[in-house]
Amino acid sequence: NDIMPSLVGSEMCIRDSACLDILQNNWKGLIGVYAHSGVMEKTNWTFEEVISPEQYSKYVKEWIERGINLVGGCCGITTEHIRYISENNF
């Protein structure tokens, strides 16, 4: 019995859309993005230049326009980012 996922997600750097190109070229199902806004230094995350909710929202709008189905956030993305997205993109 084959089990197929209903959504494939990508945890990615905000400014790196190459992984979305690969997913969209090879997967016809739903795609989610939960980008991070930190830098991994050795084994520790640093969050000195976290993207603003307004700027993150601009990336989210681009992802939605290219057909991404689910958007969230990983390291460095906070509830303030998600609140701003929901209030300004939908």
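If you're wondering where the values come from, they're calculated on a predicted model, not measured in any experiment.
Residues L23 and V8 meet the side-chain proximity criterion, which asks for heavy atoms closer than 4.5 Å. In this structure the side chain of Y34 never reaches within 4.5 angstrom of the side chain of V71, judged on heavy atoms. Residues D21 and R66 have side chains in contact (heavy-atom distance under 4.5 Å, counting atoms from C-beta outward).
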Cut-off 3.5 Å, no hydrogens considered: what does the side-chain donor-acceptor table look like for residues 39-53, sequence neighbours left out?
| from | atom 1 | to | atom 2 | distance (Å) |
| --- | --- | --- | --- | --- |
| T46 | OG1 | V39 | O | 3.2 |
| S52 | OG | E54 | OE1 | 3.4 |
| S52 | OG | Q55 | N | 3.0 |

**Request:** Report the C-alpha distance between I77 and Y56 in whole Å, list the side-chain angles of each, state the deciding distance to 0.1 Å, and finish with yes or no for side-chain contact (heavy atoms from CB on, under 4.5 Å).
**Result:** CA-CA 9 Å; I77 304 302; Y56 190 63; 3.8 Å; yes
**Request:** Give the intermediate values and the outcome of side-chain contact (heavy atoms from CB on, under 4.5 Å) for residues L30 and L70.
**Result:** CA-CA 8 Å; L30 300 175; L70 177 75; over 6 Å; no
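The distance from the CD atom of E62 to the CD1 atom of I68 is 11.5 Å, given to the nearest 0.5 Å. Annotation: the span from K58 atom NZ to N89 atom CG amounts to 11.5 Å, rounded to 0.5 Å. To the nearest 0.5 Å, the span separating CD1 on I82 from OG on S57 amounts to 10.0 Å.
Under a hydrophobic clustering in which Ile, Leu, Val, Met, Phe, Trp and Tyr are joined whenever their side-chain heavy atoms come within less than 4.5 Å, directly or via other members, V60 and Y84 fall into different clusters.
Between the side chain of N69 and the main chain of I31, a donor-acceptor pair closer than 3.5 Å is present.
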